[in-house]
Every structure is written in C-alpha cells, then in structure tokens.
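All chains are named by letter (A, B, ...) in the order of the sequence lines, taking the proteins before the strands, and each is independently numbered beginning at 1. Every value quoted in this text rests on a predicted model; they were computed, and no experiment measured them.
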Amino acid sequence: MANASRKVEAPTQEERFRRIWAVVEGIPEGCVLNYGEVARLAGLPGRARLVGRALALAPKQRALPWHRVVNAQGKISFAAESPRGQRQRRLLEAEGVDFDDGVIDLERFSPERAIDRLLWGP
DNA sequence: AAGATGACTAACT
DNA sequence: AAGTTAGCCATCT
C-alpha cells in the first residue's frame, strides 16, 4: 500500500462538500434532484442534511445550480412566500420545470429522464 | 456538556 | 392526506 498507515482516512468536511458540489454541478438544466439523492450520488448516503449545509456554505464564485435541489416530496424547502423560495421557483420555471400545486414530479424531471425528454418531449 | 436547530427523509398514525 | 416520530449529522448555544 502506498499509504504507510493502514487506517482509512475519513473524508474531511471540505472533501465531502466538494463531492456534493460536484454532483450539484452535474444536474442538467431543467432537471431536479432531491437532497437525499445528491447525498447518495456524492457517496454520502443518509446525509441529506449535509447537502443543504453544503449548498448554504458554497462559495459564490462557484455559481452552483443550487435551485435544482429540492426535497424528497418534490417541494422547495423554503417557505413559498419567502424571497429565496420565490427565486428558486422562478429559476426552475424558467428552465421549464413544472409545478403542480407547488409540487414537482421528481420522476418526470429527473436527470435520468432528460434524454427521454429530448427525444419524446415533455 | 446537553439540548436545539436545520436548504432532510422514511415510516408510522 | 396531513401530522408525528424517529433517525440522521454538523453546528451553535
């Protein structure tokens, strides 16, 4: 082993954040992912809350598509009337994401279905 | 040091 | 269908 110590180093917090940011950066336009899925894709199953943290603390310079992350119910996790909530909704709608009574169909707008949408339309 | 908090979630009632 | 409970995990009091 290259590493002198046999102990496997747990990823630092910074490392976890970087993984989370990388996943979020990869969400295509017009698609959404929920916090739990982002965590899973970042190799951090069960750490949905950490995703919210990572987004809150993300450097401005990174310009993440943070608005493409919603909760597992397909709803925006900010109060609908709050400025942040309205901005997130506006950004998503501008990308063609539909809200049905404030709820997004996660299946329909998942990145996995992005290619289907291109071929077949919404 | 123990409890509260949050950009969460799944499983119950 | 909506509210509660329990589990989650890093920070902040």
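When all heavy atoms of A:P11 and A:R19 are compared, the closest pair comes out as CB-NH2, 3.9 Å. Between A:S110 and A:C31 the shortest heavy-atom distance is O-SG, 4.0 Å. Scanning both residues, A:L64 and A:W21, for their nearest heavy atoms gives CD1-CD1, 3.3 Å.
For A:R18 and A:E15, the salt-bridge test passes: some basic side-chain N is under 4.0 Å from an acidic carboxylate O.
Distance, A:R47 CZ to C:dG7 P: 18 Å, rounded to whole Å. The distance from atom CZ of A:R84 to atom C1' of B:dA7 is 7 Å, rounded to the nearest whole Å. Across the protein-nucleic acid pair, A:R53 atom CZ and B:dA7 atom C1' stand 11 Å apart, rounded to whole Å. The interatomic distance linking A:I104 (CD1) with B:dA7 (P) rounds to 18 Å, in whole Å. One can place CG of A:L50 at 11 Å from C1' of C:dT11, the figure rounded to the nearest angstrom.
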Next on the checklist: Using side chain to side chain donor-acceptor pair (under 3.5 Å), reason through A:R89 and A:Q86 one step at a time and then give a plain yes or no.
Outcome noted: CA-CA 5 Å; A:R89 175 157 181 161; A:Q86 297 197 339; over 6 Å; no
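A gap of 23 Å separates the P atoms of B:dA7 and C:dA6, to the nearest Å.
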Next on the checklist: Can you build the contact string for nucleotides 8-13 of chain B? Use B for base contact, S for sugar-phosphate-only contact, and - for no protein heavy atom under 4.0 Å.
Outcome noted: BSS---
